[in-house]
Amino acid sequence: MLKTKVLFVCLGNICRSPMAEGTFRNAVEKAGLSDQFEIDSAGTSGWHIGEPPDGRTTQTAITRGIDLSAQRSRKVRQSDFEDYDYIIAMDRDNFGSLMGTSSKGSQDRIRMFLEFAPKLSETEVPDPYFGGQHGFDHVLDLVEEASDGLLAHIMQDRNKHG
Ligand code: 4NP
């Protein structure tokens with residue numbers, strides 16, 4: 001079976017997109033669909049290439065049963081726009097960078113993550129890097145809600161397109 005490929009993108013790939021990747025991976029696993037997905041995350045900047053997620057990211061994720069220890073930061077690459085079916089931006093800056101570097105043909109793959117959490121009042125996942133613990137907890141609240149919505153959306157898309 002052809003796998004659905006999902007890439008989560010933020011600025012540094014050490015806070016938000018690692019949490020999104022881990023949370024979505026857990027949701028996919030819980031739904032028994034792990035063999036049908038390929039999931040990764042990347043940053044629009046190359047500032048933290050090769051680094052594990054920020055310690056606050058890792059610790060916060062652990063409190064919700066999400067293990068990020070295998071993740072390492074990487075930068076978005078041009079081939080991602082062909083390789084991934086869904087390229088999910090955390091905020092409008094990330095979205096703009098992705099739209100600016102992708103080819104025209106792949107722009108409809110690029111989406112804002114919180115589109116898939118319509119019940120939330122927020123439309124962006126805020127950058128927690130320069131703030132306190134509350135920001136990291138808040139990111140996890142948002143990405144948990146949006147992960148379930150994204151998974152439901154993908155399964156609906158698949159039914160529509162066969
Ligand atoms: P992220 O957070 O984009 O959610 O990974 C940030 C990580 C690092 C920096 C900014 C945001 N930084 O300025 O190094």
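Each ligand, and each atom within it, is numbered from 1 in the order the structure gives. It should be emphasised that the depicted structure is a prediction, and the values quoted were computed from it without experimental measurement.
Close contacts of ligand 1 with Cys15, meaning ligand atoms under 4.0 Å from a residue heavy atom, involve 1 (P), 2 (O), 4 (O), 5 (O). Within the listing of ligand 1, atoms 1 (P), 3 (O), 5 (O) sit less than 4.0 angstrom from a heavy atom of Gly12. Below 4.0 Å from some heavy atom of Ile14 lie the following atoms of ligand 1, by number and element: 5 (O), 7 (C), 8 (C).
Look at Asp80 and Arg74 and you find a salt bridge, because one of the NZ, NE, NH1 or NH2 atoms lies within 4.0 Å of a carboxylate O, short of that distance. Arg64 has a carboxylate O that lies under 4.0 Å from a charged side-chain N of Glu144, or vice versa, which qualifies the two as a salt bridge. Ion pairing between a basic and an acidic side chain is recognised when a charged N comes within 4.0 Å of a carboxylate O; Asp83 and Arg77 show no such pairing. The pair Glu21-Arg25 counts as a salt bridge, with a side-chain nitrogen and a carboxylate oxygen less than 4.0 angstrom apart. Lys3 and Glu38 are not joined by a salt bridge, as no carboxylate oxygen comes within less than 4.0 angstrom of a charged side-chain nitrogen.
Counting heavy atoms closer than 4.0 Å to ligand 1, residue His48 contributes side-chain atoms (C-beta onward) but none from N, CA, C or O. Residue Asn13 touches ligand 1 through its backbone alone, judged by heavy-atom distances below 4.0 Å.
Scanning the protein heavy atoms around atom 12 (N) of ligand 1, the nearest turns out to be Tyr129 CE2, 3.5 Å. The shortest contact between atom 4 (O) of ligand 1 and any protein heavy atom is with Arg16 NE, 2.7 Å. The protein non-hydrogen atom at the shortest distance from atom 13 (O) of ligand 1 is Trp47 CZ3, 3.5 Å. Among protein heavy atoms, the minimum distance from atom 1 (P) of ligand 1 is reached at Cys10 SG, 3.5 Å. The closest protein non-hydrogen atom to atom 2 (O) of ligand 1 is Asp127 OD1, 3.3 Å.
Residue Glu145 forms a side-chain contact (heavy atoms from CB on, under 4.5 Å) with just one option from Leu114, Leu140, Leu120, and that option is Leu120.
Using a 4.5 Å cut-off between side-chain heavy atoms of Ile, Leu, Val, Met, Phe, Trp and Tyr, Tyr84 falls into a hydrophobic cluster with Leu7, Val9, Val76, Phe81, Ile87, Phe95, Leu98, Met99, Ile110, Met112.
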